[in-house]
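Below you'll find the structure, written out as structure tokens, and then a few comments.
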Amino acid sequence: MLMSHSDWSFLKLPEIALVLLKTVFVEEDSMFKAILLTKTDGEFSARVADIDDTELTEGDVSVRVEYSTINYKDGLAIANKAPIVRKWPMVAGIDGAGVVEQSSHPRWKKGDGVILNGWGVGETHWGCLAQKAKLKGEWLVPLPAAFTTKQAMAIGTAGYTAMLCVLALEKHGVTPDKGEVLVTGASGGVGSVAIAILAGRGYTVTASTGRLHEADYLKELGASSVIDRRELSSPGSPIAKEQWAGAVDAVGSHTLANVCARLKYRGAVAACGLAQGLDFPASVAPFILRGITLVGIDSVMCPMESRLDAWQRLAKDLDPAKLDKITSVISLSEAIAKAHDILAGKVRGRLAVDVNG
Ligand code: NDP
């Protein structure tokens, strides 16, 4: 609380300076910047706001966030294009990486580097497009020694999902010697990271994209060939010529149906996305005639054991030089505009958000 002018006469100059410093420092330290989403009388708004940390939602670990990211889902939430947010007001951001400031959870102590992906954060629990977050200790993954917080968010949910897809293909016997693999939505976040990981593991990768002008970028990441996504996006035959041993699909709809129809005998596709659509207008023919497998990938509620596995494999299998090529860094104030860009298919690769920038 500020003193009245007459109160100051009791204090000497250094004491006044100390009081002023404390007032300014303590007040500023409790405030943090965040992307706040509100809905009042049906009216939606997204803005960068100054918030007092006493307002943070419950959590046994306080994290000073260093980097967050814009995933497709963040785009949907910030642009209010799908019912992602289920409690208002909401701080956006399904991903964060930072340092533990305070913890009453046995696994975490002050100074630990941590990563948060999903668990409903940014949907029902205040998120990480913010300088501070209170999170549940059981949700957190230790920051691998191989990564800075910036690299962890360059990967983010999109990259960790790409790794879950690769792990699923491996589990279903799709090894590099089985033949070419396909990655759809190739220039996007999941697609770019999937190509880099698969090429690094020795797979021959075909990239499917609507942005043929990004062919050089996709080849630098390791794709051996690039196809126009229109080859896959219209209704096709229930079963077609065998082409790919496996696929990572970030697109859904007719694209996923056509991928299934063209998988080789006993091939597998890891389906994680809906960039073309939520529908799946497919036939059982490739399942019952070719014994193909459709593996569903969910990153949000994925059990901790699989998350730890995925992050360990990312540390081993993702070339940091390729991650650099994939990543652009933006500030918190740029994040709202970029959220609209990602939905418009205008973002290449991944966006890491420097929340203090
Ligand atoms: P991005 O926006 O970065 O990438 C999506 C890509 O899909 C685009 O870059 C574009 O690639 C392609 N695309 C966009 N619109 C269409 C369309 N109409 N038809 C065909 N292709 C299209 O998003 P992310 O990579 O972050 O996420 C990809 C998908 O995966 C999203 O649907 C997202 O919701 C989902 N996802 C799911 C997760 C899970 O847990 N299951 C986790 C993370 C993401 P190009 O220009 O090369 O054609």
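Counting starts at 1 for both ligands and their atoms, following the listed order.
- A donor-acceptor contact closer than 3.5 angstrom links the side chains of Ser45 and Thr38.
- Using a cut-off of 4.0 Å between Lys/Arg side-chain N and Asp/Glu carboxylate O, Lys33 and Asp50 are scored as salt-bridged.
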For the pair Asp74 and Ile342, evaluate side-chain contact (heavy atoms from CB on, under 4.5 Å) and give the outcome as yes or no after the intermediate values.
CA-CA 9 Å; Asp74 296 303; Ile342 200 168; over 6 Å; no

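- At a 4.0 Å heavy-atom cut-off, ligand 1 touches Leu274 through backbone and side chain alike.
- For Ser233, the closest heavy-atom approach to ligand 1 does not fall below 4.0 Å.
- Near Thr209, meaning under 4.0 Å from one of its heavy atoms, ligand 1 places the atoms 45 (P), 46 (O), 47 (O), 48 (O).
- Annotation: side chain of Asn258 is not in contact with side chain of Glu231 (no heavy-atom distance under 4.5 Å).
- A salt bridge is defined here as a Lys NZ or Arg NE, NH1 or NH2 lying under 4.0 Å from an Asp or Glu carboxylate O, and Glu101 with Lys132 fails to meet this definition.
- Cluster membership check: Met90 shares its hydrophobic cluster with Ile70, using side-chain heavy-atom separations under 4.5 Å among Ile, Leu, Val, Met, Phe, Trp and Tyr.
- The single protein non-hydrogen atom nearest to atom 42 (C) of ligand 1 is Thr161 OG1, 3.1 Å, given as residue, atom name and distance.
- Considering backbone and side-chain N/O of Ala158, none are found under 3.5 Å from N/O of ligand 1.
- Proximity of Val85 to Lys39: side-chain heavy atoms (C-beta onward) are nowhere separated by under 4.5 Å.
- Interatomic distance, CG of Leu129 versus CG of Leu36, reported as 11.5 Å (0.5 Å rounding).
- Between Lys219 and Asp216, none of the side-chain N atoms (NZ, or NE/NH1/NH2) sits under 4.0 Å from a carboxylate O, so this pair counts as no salt bridge.
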Would Ser187 and Glu214 count as a side-chain hydrogen bond (donor to acceptor under 3.5 Å, both in side chains) if you check the C-alpha gap in whole Å, the side-chain angles of each, and the deciding distance to 0.1 Å?
CA-CA 7 Å; Ser187 311; Glu214 295 293 3; over 6 Å; no

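- Proximity of Thr184 to ligand 1, defined as any heavy-atom pair under 4.0 Å, is not found for any part of the residue.
- When only interatomic distances are considered, the shortest N/O to N/O separation between Gly345 and ligand 1 does not fall below 3.5 Å.
- If you check which protein heavy atom lies closest to atom 36 (N) of ligand 1, you get Cys272 O, 3.5 Å.
- Annotation: atom 34 (O) of ligand 1 to nearest protein heavy atom, Tyr72 CD2, 3.5 Å.
- Using bins of under 30°, 30° to 60° and over 60° for the plane-to-plane angle, the ring pair Tyr160/Trp311 lands in the parallel bin.
- Near Gly189, meaning under 4.0 Å from any of its heavy atoms, are these atoms of ligand 1: 1 (P), 3 (O), 4 (O), 25 (O).
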Given Trp126 and Lys134, is the side-chain contact (heavy atoms from CB on, under 4.5 Å) satisfied, shown in steps?
CA-CA 8 Å; Trp126 277 17; Lys134 269 193 183 171; over 6 Å; no

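- When only non-hydrogen protein atoms are considered, atom 4 (O) of ligand 1 lies nearest to Gly188 CA, 3.3 Å.
- Not a single heavy atom of Lys73 sits closer than 4.0 Å to an atom of ligand 1.
- Atoms of ligand 1 found under 4.0 Å from any heavy atom of Asp298, numbered from 1 in the order shown, are 40 (O).
- Counting the atoms of ligand 1 from 1 in the order shown, those under 4.0 Å from a heavy atom of Ser299 are 39 (C), 40 (O), 42 (C).
- Contacts of Val251 with ligand 1, taken as heavy-atom pairs under 4.0 Å, involve the side chain alone.
- Taking every non-hydrogen atom of Thr157 and a distance limit under 4.0 Å, the qualifying atoms of ligand 1 come out as 42 (C), 43 (C).
- The ligand atoms of ligand 1 that sit less than 4.0 angstrom from a heavy atom of Ala186 are 47 (O).
- Contacts between Arg229 and ligand 1, counted as non-hydrogen atom pairs separated by less than 4.0 Å, involve the side chain only.
- Under the 4.0 angstrom criterion for non-hydrogen atoms, Thr255 is not in contact with ligand 1.
- The protein heavy atom nearest to atom 25 (O) of ligand 1 is Val190 N, 2.7 Å.
- Applying the 4.0 Å criterion to heavy atoms of Ser187 picks out, from ligand 1, the atoms 47 (O).
- Of the protein's heavy atoms, Gly273 CA, 3.3 Å lies nearest to atom 30 (O) of ligand 1.
- Ring geometry for Trp139 versus Trp119: interplanar angle under 30°, hence parallel rather than tilted (30 to 60°).
- Considering only non-hydrogen protein atoms, atom 46 (O) of ligand 1 sits nearest to Arg211 NE, 2.7 Å.
- For atom 12 (C) of ligand 1, the candidate residues are Gly185, Ala344, Ser192, Gly75; the nearest heavy-atom contact is made by Gly185.
- Given atom 15 (N) of ligand 1, the protein heavy atom at minimum distance is Ala275 O, 3.7 Å.
- Ser331 and Ser333 form a side-chain donor-acceptor contact under 3.5 Å, judged by distance and modelled atom types alone.
- Annotation: Lys338, atom NZ; neighbour count of heavy atoms from other residues, nucleotides and ligands within 6.0 Å does not exceed 12.
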